[in-house]
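We count residues from 1, following the sequence as given. None of these values were measured; they are calculated from a predicted model.
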Amino acid sequence: MPQYVEGGAQVLDLATAVKDGILGGPTGLIPFSARKDSAHGAKPETNLSDLKRMMSELEASGDEPEEVPSVFICPISLEPMVDPVTLCTGQTYERAHIQRWLAMGRRTCPTTMQELWDEVVTPNTTLSCLIHTWFSQRYTRFKKRAEDVDGRASELVSALRSRQIKGQARVQALKEIRKIINSHPSVKKSVTSSGGTAFLASLLGPFTSHAVGSEVVAVLSQLQLDQETRLLLMQPGKISLITDMLNEGTIETKVSCAGLIQTLMEDESGFRSEIVSSPSLLVGLLRLIKDRRHLNGVSSGLALLKSICTKRPETRGLLVGLGAVPKLVDLISANSNLSQPDLLESAFQILDIISSILDGQVAIKECKNVIPNLVRMIMRVSEECTRCSMNVLSSVWEMAPEECAKSAVEAGLAAKLLLVMQSGCAPEVKQRSAELLKLCSLNYTATLFISKCKLTRTIQ
């Protein structure tokens, strides 16, 4: 560790250096090596690329964050500095950011707004060395923890493989593996590379307890699955267990099961479509989106339902028969205050897909107050919701034009459509709006239509 010298005193500890405020510019405390280099006009020996690499690895690792000392933060970017330089005002900034500031013709200090009497930036070698030392120490601690948790995870997987752990001890071992992965995402790579995913998948089967199965699925849902593991998981006995847990497990287990099936669907070439055609699985997902106490469950259920509807058209009629439409409409109505815009968007997208079949159109039309609810959501949530809402309205309109027109006009559809046409929405969305507006007016004279839609003020 570098020794910092000022008047013969030595500071051997970084924490002491930060605490004592020994963080001045280049004329302050400088390591011996840096003092020697700066005397010849050279940069200090701090390896900038090495520091950037450590910062990048720490950020990507998901390791437990440590509070970076405030003096290491650039006042412009609010990020840790790599190459700190000091202005004539004594304020220190990241070189790239202050140079950009000056290149824009600004002649003031960003922090104090003092006018600069000298535009030269001077490397802050002391602070640079302190930053490098602090991140080096943190990086070393991170690597040590990573080695420890890697070793522990490998030890647990090996013990499970050798069948040394049984019963409740097996559940506890799996829980520990899950906690390690949650706390140290870097462990995922070592578990995957050692064939851990295929082994964990082999633990699932028709005779596996839900206690073991839920922990295995929780771990697998966080890992990168290779082809061997995917094929194992698609075996009927394993899918049956996952489906049972989707229906009967805790909310965390249900979310994990939905996430795992979503991952399996990503491999379209090897995925067996009958897996998602199971009424039991679809019922489990519909129960998941109905339980609005757990929004993470609703989100996971909607995401998987959307994938199933999009990639497996044959399931759309089955979903309608299982009562998906009323549940989606209820979800949209319950979120009319826009408290969960992402959920609304997913629900609208699924409803849009289902409205492409006749059974879906009939089910949508039969839902109570569905037309007013669809009209109300136009131009309220997002352009995607507006697009889907108009598509659903158009589909239902084709089946029952007179009934739909009356309900839509009374709900204020015409004014909403005019807003869409004047907005910055995509051309195809505006085109759909124009088509619906024309359909609205077919059963009325121009004067009556304007009056009925309360458009007088809008037109004026």
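- Atoms CG and CG, on Asn391 and Leu351 in that order, are 10.5 Å from each other to the nearest 0.5 Å.
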Report task. Report the C-alpha distance between Val283 and Arg287 in whole Å, list the side-chain angles of each, state the deciding distance to 0.1 Å, and finish with yes or no for side chain to side chain contact (heavy atoms under 4.5 Å, CB included). Result -> CA-CA 6 Å; Val283 166; Arg287 286 175 180 166; 3.7 Å; yes
Requested in this report: Show your working on side chain to side chain contact (heavy atoms under 4.5 Å, CB included) between Val71 and Leu130 and close with a plain yes or no.
Outcome: CA-CA 10 Å; Val71 288; Leu130 284 171; over 6 Å; no
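- Salt bridge present: Arg432 and Glu435 bring a charged side-chain N and a carboxylate O closer than 4.0 Å.
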Report task. With side-chain hydrogen bond (donor to acceptor under 3.5 Å, both in side chains) as the test, would you mind laying out the steps for Thr250 and Thr253 before giving the verdict? Result -> CA-CA 5 Å; Thr250 63; Thr253 299; 3.1 Å; yes
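- Proximity of a side-chain donor or acceptor of Ser278 to a complementary backbone N or O of Glu274 within less than 3.5 Å is not detected.
- Heavy-atom minimum distance, Tyr93 versus Ile98: CB-CB, 3.8 Å.
- Taking CG of Leu260 as the reference point, atom CG of Leu204 lies at 8.0 Å (rounded to 0.5 Å).
- One N or O on the side chain of Ser356 and one on the backbone of Ile353 form a donor-acceptor pair closer than 3.5 Å.
- Between the side chains of Gln224 and Thr192, no donor-acceptor pair is found at a separation under 3.5 Å.
- Salt bridge Lys290/Asp330: absent, no basic N to carboxylate O contact under 4.0 Å.
- Note that OG of Ser389 and CZ of Arg380 are 11.5 Å apart. Values are rounded to the nearest 0.5 Å.
- Residue Val255 comes nearest to Gly297 through the heavy atom pair CG2-CA, 3.7 Å, listed as atom of the first residue, atom of the second, then distance.
- A donor-acceptor pair is defined here as one N or O able to donate and one able to accept, closer than 3.5 Å; no such pair exists between the side chain of Ser433 and the backbone of Val429.
- Remark: of the listed residues Glu94, Arg100, Arg95, Gln99, Arg100 is the sole one forming a side chain to side chain donor-acceptor pair (under 3.5 Å) with His97.
- Under the 3.5 Å distance criterion, the side-chain polar atoms of Ser346 are left unmatched by any main-chain donor or acceptor of Leu343.
- For Ser240 (side chain) and Gly237 (main-chain N/O), no donor-acceptor pair under 3.5 Å exists by modelled atom type.
- With hydrogens and angles disregarded, a donor-acceptor distance shorter than 3.5 Å links the side chain of Lys416 to the backbone of Arg376.
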Requested in this report: Just do the side chain to side chain contact (heavy atoms under 4.5 Å, CB included) check on Ser333 and Asn369 with the steps written out, would you?
Outcome: CA-CA 9 Å; Ser333 301; Asn369 295 325; over 6 Å; no
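- One finds the CG atom of Leu305 at 10.0 Å from the CD atom of Gln262 (value rounded to the nearest 0.5 Å).
- Counting only distance, with no hydrogens or angles, the side chain of Ser394 and the backbone of Met390 share no donor-acceptor pair below 3.5 Å.
- The environment of Lys179 atom NZ is sparse: at most 12 non-hydrogen atoms of other residues, nucleotides or ligands sit within 6.0 angstrom.
- Shortest non-hydrogen contact noted between Gly301 and Leu285 is CA-CD2, 4.2 Å.
- Tested against Leu302, the residues Asp342, Leu288, Leu328, Leu344 include a single side chain to side chain contact (heavy atoms under 4.5 Å, CB included) partner, Leu328.
- In this structure, Gln172 contributes its side chain and Gln168 its backbone to no donor-acceptor pair below 3.5 Å.
- A donor-acceptor contact closer than 3.5 angstrom links the side chains of Thr229 and Asp226.
- With rounding to the nearest 0.5 angstrom, the CG atom of Leu220 is 11.5 Å from the CZ atom of Arg230.
- Side chain of Thr386 to backbone of Met379: a donor-acceptor contact under 3.5 angstrom is found.
- No hydrogens or angles considered: nothing links the side chains of Ser307 and Thr310 as a donor-acceptor pair under 3.5 Å.
- Dense packing is recorded around NZ of Lys430, with more than 12 heavy atoms of other residues, nucleotides or ligands lying under 6.0 Å away.
- In this structure, Trp101 contributes its side chain and Cys109 its backbone to no donor-acceptor pair below 3.5 Å.
- Between Leu233 and the options Leu200, Thr197, Leu264, Ile261, a side chain to side chain contact (heavy atoms under 4.5 Å, CB included) holds for only Leu264.
- Distance check: Cys257 SG to Lys254 NZ gives 10.0 Å after rounding to the nearest 0.5 Å.
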Report task. Show your working on side chain to side chain contact (heavy atoms under 4.5 Å, CB included) between Arg170 and Leu203 and close with a plain yes or no. Result -> CA-CA 11 Å; Arg170 173 175 288 190; Leu203 295 177; 4.1 Å; yes
